[in-house]
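Order of the sequence lines sets the chain letters (A, B, ...), proteins ahead of strands, with each chain counted from 1.
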Amino acid sequence: MEISSLSAVSFGMPFRHSSSSSSSSSSSISASSSTTHFPSRTRKSPKLQLQHASDLTSTLTSVGQLLTMKDLNATLHHFANSNKFNHVSQLFLWMQENKKLDVYSYSHYIKFMANKLDASTMLKLYNDIQVESAKDNVYVCNSVLSCLIKKGKFDTTMKLFRQMKHDGLVPDLVTYSTLIAGCVKVKDGYPKALELIQELQDNKLRMDDVIYGAILAVCASNGKWEEAEYYFNQMKSEGRSPNVYHYSSLLNAYSACGDFTKADALIQDMESEGLAPNKVILTTLLKVYVRGGLFEKSRELLAKLESLGYAEDEMPYCVLMDGLAKARQTHEAKIIFDEMMKKHVMSDGYAHSIIISAFCRAKLFQEAKQLAKDFQTTFDKYDVVIMNSMLCAFCRAGEMESVMETLRKMDELAISPDYNTFNILIKYFCRKNMYLLAYRTTMDMHSKGYQPAEELCSSLIYHLGQENASSEAFSLYNMLRYSKRTIGKALHEKILHILLAGKLLKDAYVVFKDNATSISGPTTKKFASAFMKSGNINLINDVMKTLHNCGYKIDQGLFEMAVSRYLGQPEKKDLLLHLLQWMPGQGYVINPSTRNLILKNSHLFGRQLIAEVLSKQRVKLNAQKSN
DNA sequence: GTAGGGTTAG
């Protein structure tokens, strides 16, 4: 790269040119022309040369060392303001290599590049900071944290935050509001936000309007309306005046309980404070009514929104339609949809998605399919949610060709399938008796980090068994078993039957051994005789002991089977002797017919040894009888 | 000279 060659250029002792002289000349040079005869008076300052450079690399080589840190930072600004982000990066890199950067360079650069750099690059940038004063500078730290939060890396951010504190950062209110805001989109965000509130108070910081705004938003997004109410009142009692955002968060929190009385009172309070409800406030109020099941009141409010010009996009319609659909009022939802269409309300496809799903839920599959096709022909905006709605409709209506087309489209548009996508497909493949395809989709789902529902897997395992796909069934079983959750006991028995049917006896033994207590008597018996009959001969004694140890009474039939296996393979005589020696200690004695069988073949094993072992069994038996 | 928040829909 050109940049690296820069450092090879050696300069004399760095010197500072007078900044006053450069700024005095800077205002007049724009008119300078190449025809001038007074180059010394009209030449651009190094800073301006750099800012207007056509070849940044060579300009840095020639004038870079003449520039002050302040000039360089101003130039970063200049490039960022003119959207020359390649120049920003290139200059910053040069500044890093030439060790000409300070706290401002970092905090500006991070701000400029927040949208361009990914989380790991940002993290590396911070970790590689060599300037001591920048590393624990609260502005620099806040910039980095804010950038990571915006990229949705909450856990990474919190980890970095702890490291920063350990390395000397003294967090301020900005730090905390940045982090609390990050809790809005995170699951379990409320307790995490609470911890941060506690920490800022422990650090003798006082909550300000911004912090209140952030915590109210967290409460709202977590359905904590009582807590939201608490913070709102606390804020007021501190003499702070909530603004429209504070009000709207509390209102949004009320939608969790659907308490329209509280919501109406809040709007009144807001108006008495001189704040006029805006479009968002009224849409949120609609959400409260809808969640409270007050559909008549909702329709009236929607009409009011329309009359105020607040219903130009589909959002309020979607709020109402979704509520109706979830209350199983599919027909009423469709009426709203039709009105919306008639009025040519702007739509991004949310409305279609809601109604397609509503139709699927109501088992109106033909209607769902039709609407999905309408969407395909009239919209060119796809995301995973609308794709899922359409897939669901096509699957339920049995439109295989459309299902495949939709999947191709997803692939083409690089829309990654999510949990719902996999679920829809797996259920569909199962319904169509395409169990191997369902199996492969389930494994794919698992490899993408989604946990398939146990019930679905369990049913799939059963069907795979029916189709003699025992090893696929076993893979699925193992996937469930090793996914850190407890699974139903019946599944162990189910897979055991499948493995026995598929003659996967070694796998069956593993399942039996690990779950003996969940296996019924008849299934144990079935497993035992299957194994004695054709399981790996080297494991026969182990299986015997396992059966015995889990309380199963081994019958003569099993001993007979084991013995005849051993007689068929005389090289395994040690195993037979071991079994015969083990038996009496556990209260087992061979019956006469098996005993005769062994004696008949004793030349294969050594007559003397066999006789001794058998007579020991006798003695033991007699002793037991006399007891 | 640098850093922060907040509303509504599938």
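- Among the heavy atoms of the strands, none lies under 4.0 Å from A:Leu286.
- For the pair A:Met340 CE and B:dA9 C1', the computed distance is 10 Å after rounding to whole Å.
- Residue-level contact check: A:Ile215 touches neither bases nor backbone, having no heavy atom under 4.0 Å from any strand.
- Looking at heavy atoms from C-beta onward, A:Met387 lies out of side-chain contact with A:Thr421 at the 4.5 angstrom threshold.
- At whole-Å resolution of the value, CD1 in A:Ile110 and P in B:dT2 are 15 Å apart.
- Listed nucleotides: B:dA9, B:dT2, B:dT7. Nearest to the side chain of A:Val280: B:dT7.
- Among the candidates A:Leu320, A:Leu324, A:Ile355, A:Ile354, the single residue satisfying the side-chain contact (heavy atoms from CB on, under 4.5 Å) test with A:Phe337 is A:Ile355.
- No contact: A:Leu145 has no heavy atom under 4.0 Å from any strand.
- Taking only distance into account, the side chain of A:Asn388 never meets the base of B:dG10 through a donor-acceptor pair shorter than 3.5 Å.
- The side chain of A:Val174 lies closest to B:dA3 when the candidates are B:dT8, B:dG10, B:dA3.
- OP1 or OP2 of B:dT8 has not a single side-chain nitrogen or oxygen of A:Lys279 nearer than 4.0 Å.
- You'll find the side chain of A:Leu407 reaches within 4.5 Å of the side chain of A:Leu391, heavy atoms only.
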Worked check of side-chain hydrogen bond (donor to acceptor under 3.5 Å, both in side chains) between A:Asp264 and A:Tyr254: CA-CA 10 Å; A:Asp264 284 341; A:Tyr254 286 150; over 6 Å; no
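- Contacts between residues 370-380 of chain A and DNA chain B, defined by a heavy-atom separation under 4.0 Å, are absent.
- If you take CG of A:Asp172 and P of B:dT2, they are 14 Å apart, rounded to a whole angstrom.
- Judged by centroid separation below 5.5 Å and plane tilt below 30°, A:Tyr104 stacks onto the base of B:dG1.
- Applying the 5.5 angstrom centroid cut-off and the 30 degree plane-angle cut-off, the aromatic ring of A:Tyr245 is not stacked upon the base of B:dT7.
- Ring-to-base geometry places A:Tyr350 in a stacked arrangement with B:dA9 (centre distance under 5.5 Å, plane angle under 30°).
- The closest side-chain heavy-atom distance from A:Ile215 to A:Met207 is below 4.5 Å.
- In the interface, the side chain of A:Ser177 is not paired with the base of B:dG5 through any donor and acceptor atom under 3.5 Å apart.
- Taking the side chain to side chain contact (heavy atoms under 4.5 Å, CB included) definition, one finds that A:Glu367 meets it with A:Phe359, A:Leu364, sequence neighbours left out.
- The base of B:dT8 is not paired with the side chain of A:Thr284 by any donor and acceptor separated by under 3.5 Å.
- Contact annotation: A:Ser107 side-chain N/O to B:dA3 OP1/OP2 distance is not under 4.0 Å.
- The shortest distance between the side-chain N/O atoms of A:Asn252 and the OP1/OP2 oxygens of B:dT8 is below 4.0 Å.
- A donor-acceptor contact under 3.5 Å links the side chain of A:Asp208 to the base of B:dG4.
- Judged purely by distance below 3.5 Å, without hydrogens or angles, the side chains of A:Lys373 and A:Gln376 never pair a donor atom with an acceptor atom.
- Within the structure, every side-chain polar atom (N or O) of A:Lys287 is placed at least 4.0 Å from both OP1 and OP2 of B:dT7.
- Using a 4.0 Å heavy-atom distance criterion, A:Asn73 is classed as a base contact.
- For the pair A:Ile356 CD1 and B:dA9 P, the computed distance is 20 Å after rounding to whole Å.
- Among the protein residues, A:His77 comes within range of no part of the nucleic acid, since none of its heavy atoms lies under 4.0 Å from any strand.
- Candidate nucleotides B:dG4, B:dG10, B:dT7 were compared by shortest atom distance to the side chain of A:Ile354, and B:dG10 ranks first.
- Looking at A:Asn137 and A:Tyr104, their side chains never bring a donor and an acceptor atom within 3.5 Å of each other.
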